[in-house]
Novice: 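First the structure, then my questions, so here it is.
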Amino acid sequence: MEQESDLHFGTEMIGDPNDLPELVKSEADAVADANQMLSNLGIHDFSTKNVDIIFGEINGKVQKAYRISFTRTISGVSFNYNYTDLDSGMAVDDGKGGKAPVWGTEKVTFIVADEGVVQFEMLNPLAVNEIVTEYTDMKDFESIMDIFKRMILIVHANVPEGQVRTIEIERIELGLMRILEPNTMDTGVIIPVWDFYGQSGETYLTINAIDGSTINRKMGY
């Protein structure tokens, strides 16, 4: 399992992680601790999306801990998770010389050490008010792959002259994503999408599973 320092959660890299004691608590027990806290808080319909190990100074002790990410599920289908998703309040280039605000993706994250849960964070919580369509037709996977082969060259065509860029797709995942309603920053529609991930967890291309259009994750549509 990959190990990394993570300043965002208050840890600070100190020395070689291989010199630190291994975690006594198992990954399964750490996930159970996080799920129990979610239940105690009355937070439901979330599933574990990713578990990795961080290390550093946690509660005054240099140690390793699990970082556990959860995403919302609707009718048993989870949201796709993307490490590069931005948080609300930030802004991105709108492609027209200006800046556009960002409606950040909902994220639930725990830090669990041997002593139990030491950090909990919930960002950009959603309120799911209505299911517009219970079942919807989606494009077949072969059609999605045809769109990917064509659009990946267009979306990532900005390569300096004389240079070559290689894109390696680590995995392809079908899940849910919230897209913005026109001219609003507080209402959206949740749709199924195909995400094409690189090794770092970055999404190189997101395709609407219903109509095959490409989606800019940073812009939210």
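Values reported hereafter were calculated over all heavy atoms of this structure, with side chains retained and with hydrogens, waters and symmetry mates removed.
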Novice: Verify the cluster assignment for Tyr197 and Phe141: are they in a single hydrophobic cluster under the rule of side-chain heavy atoms below 4.5 Å apart?
Specialist: no
Novice: According to a 4.5 Å side-chain heavy-atom criterion applied to Ile, Leu, Val, Met, Phe, Trp and Tyr, with indirect links allowed, do Met151 and Met138 form part of one hydrophobic cluster?
Specialist: yes
Novice: Minimum heavy-atom separation for Leu174 to Ala209, with atom names?
Specialist: CD1-CB, 4.1 Å
Novice: Would you name the heavy atoms of Thr214 and Leu205 that are closest together and state the gap between them?
Specialist: CG2-CD1, 4.2 Å
Novice: Look at the side-chain heavy atoms of Ile, Leu, Val, Met, Phe, Trp and Tyr, link any pair under 4.5 Å apart, and say whether Leu126 and Val77 land in one connected group.
Specialist: yes
Novice: Test Ile191 against Val193 for side-chain contact (heavy atoms from CB on, under 4.5 Å), laying out the working first.
Specialist: CA-CA 6 Å; Ile191 63 168; Val193 298; 3.9 Å; yes
Novice: For the pair Asn80 and Trp194, evaluate side-chain contact (heavy atoms from CB on, under 4.5 Å) and give the outcome as yes or no after the intermediate values.
Specialist: CA-CA 9 Å; Asn80 280 357; Trp194 287 99; over 6 Å; no
Novice: To the nearest 0.5 Å, how far apart are CG in Asn208 and CD1 in Ile179?
Specialist: 6.5 Å
Novice: Tell me the closest heavy-atom pair linking Pro21 and Lys64, and the distance in Å.
Specialist: O-CD, 3.8 Å
Novice: When you check the side-chain N and O atoms of Ser69 and Lys107, is any donor under 3.5 Å from an acceptor?
Specialist: no
Novice: Let's go through Tyr221 and Ile215 carefully: what are the C-alpha distance in whole Å and the side-chain angles of both, what is the deciding distance for side-chain contact (heavy atoms from CB on, under 4.5 Å) to 0.1 Å, and is it a yes or a no?
Specialist: CA-CA 5 Å; Tyr221 53 82; Ile215 298 172; 5.5 Å; no
Novice: Test of understanding: clusters of I, L, V, M, F, W, Y form through side-chain heavy atoms closer than 4.5 Å, transitively. Do Ile152 and Val155 belong to the same one?
Specialist: yes
Novice: Does Tyr204 offer a backbone N or O that forms a donor-acceptor pair with the side chain of His156 under 3.5 Å?
Specialist: yes
Novice: With heavy-atom distances below 4.5 Å as the criterion, would you say the side chains of Ile207 and Ser213 are in contact?
Specialist: no
Novice: Before giving the answer on side-chain contact (heavy atoms from CB on, under 4.5 Å), spell out for Gln119 and Val112 the whole-Å C-alpha distance, their side-chain angles and the decisive distance to 0.1 Å.
Specialist: CA-CA 7 Å; Gln119 178 98 33; Val112 182; over 6 Å; no
Novice: Does a salt bridge link Glu121 with Arg67, judged by any charged N lying under 4.0 Å from a carboxylate O?
Specialist: no
Novice: Which atoms form the tightest heavy-atom contact between Ile68 and Ala34, and what is the distance?
Specialist: CD1-CB, 4.3 Å
Novice: Let me confirm one number: the CG-OG1 distance from Leu176 to Thr73, rounded to the nearest 0.5 Å.
Specialist: 9.0 Å
Novice: Looking at every heavy atom in both Asp29 and Lys25, which two are closest together, and how far apart are they?
Specialist: CB-CG, 3.7 Å
Novice: Do the rings of Phe196 and Phe148 sit parallel, tilted or perpendicular, given the 30° and 60° boundaries?
Specialist: parallel
Novice: Looking only at non-hydrogen atoms, find the nearest pair between Ile210 and Asp137 and report the distance.
Specialist: CG2-O, 3.8 Å
Novice: I'd like to check Ile147 versus Lys139 (side-chain heavy atoms, cut-off strictly below 4.5 Å). Are they in contact?
Specialist: yes
Novice: Going from CZ on Arg165 to CG on Asn158, what distance comes out if it is rounded to the nearest 0.5 angstrom?
Specialist: 9.0 Å
Novice: Rounded at 0.5 Å granularity, tell me how far OG1 in Thr105 sits from CZ in Arg178.
Specialist: 5.5 Å
Novice: So Thr206 and Met177, do their side chains get closer than 4.5 Å, heavy atoms only?
Specialist: yes
Novice: Could you tell me if Asp140 and Ser143 have a donor-acceptor pair between their side chains, going purely by distance under 3.5 Å?
Specialist: yes
Novice: At what distance, to the nearest 0.5 angstrom, does CG of Asp33 lie from CG of Leu38?
Specialist: 11.5 Å
Novice: Just wondering, do Val117 and Ile111 contact through their side chains at under 4.5 Å, heavy atoms?
Specialist: no
Novice: Can you find a pair of side-chain heavy atoms, one from Gln63 and one from Leu20, that are under 4.5 Å apart?
Specialist: no
Novice: Should Asp195 and Arg217 count as an ion pair when the cut-off is N to O under 4.0 Å?
Specialist: yes
Novice: When rounded to the nearest 0.5 angstrom, what is the spacing between CD1 in Ile58 and CG in Asp114?
Specialist: 10.0 Å
Novice: Is Val31 linked to Ile53 within one hydrophobic cluster, defined over Ile, Leu, Val, Met, Phe, Trp and Tyr using a side-chain heavy-atom separation of less than 4.5 Å?
Specialist: yes
Novice: Using side-chain heavy atoms (C-beta onward) and a distance below 4.5 Å, is Ile172 in contact with Met145?
Specialist: yes
Novice: Just say parallel, tilted or perpendicular for the rings of Phe120 and Phe110, cut-offs at 30° and 60°.
Specialist: tilted
Novice: Do the side chains of Phe70 and Lys49 get nearer than 4.5 Å, heavy atoms only?
Specialist: no
Novice: Is Arg72 positioned over the aromatic face of Phe79, cation under 6.0 angstrom from the ring centre and no more than 45 degrees off axis?
Specialist: no
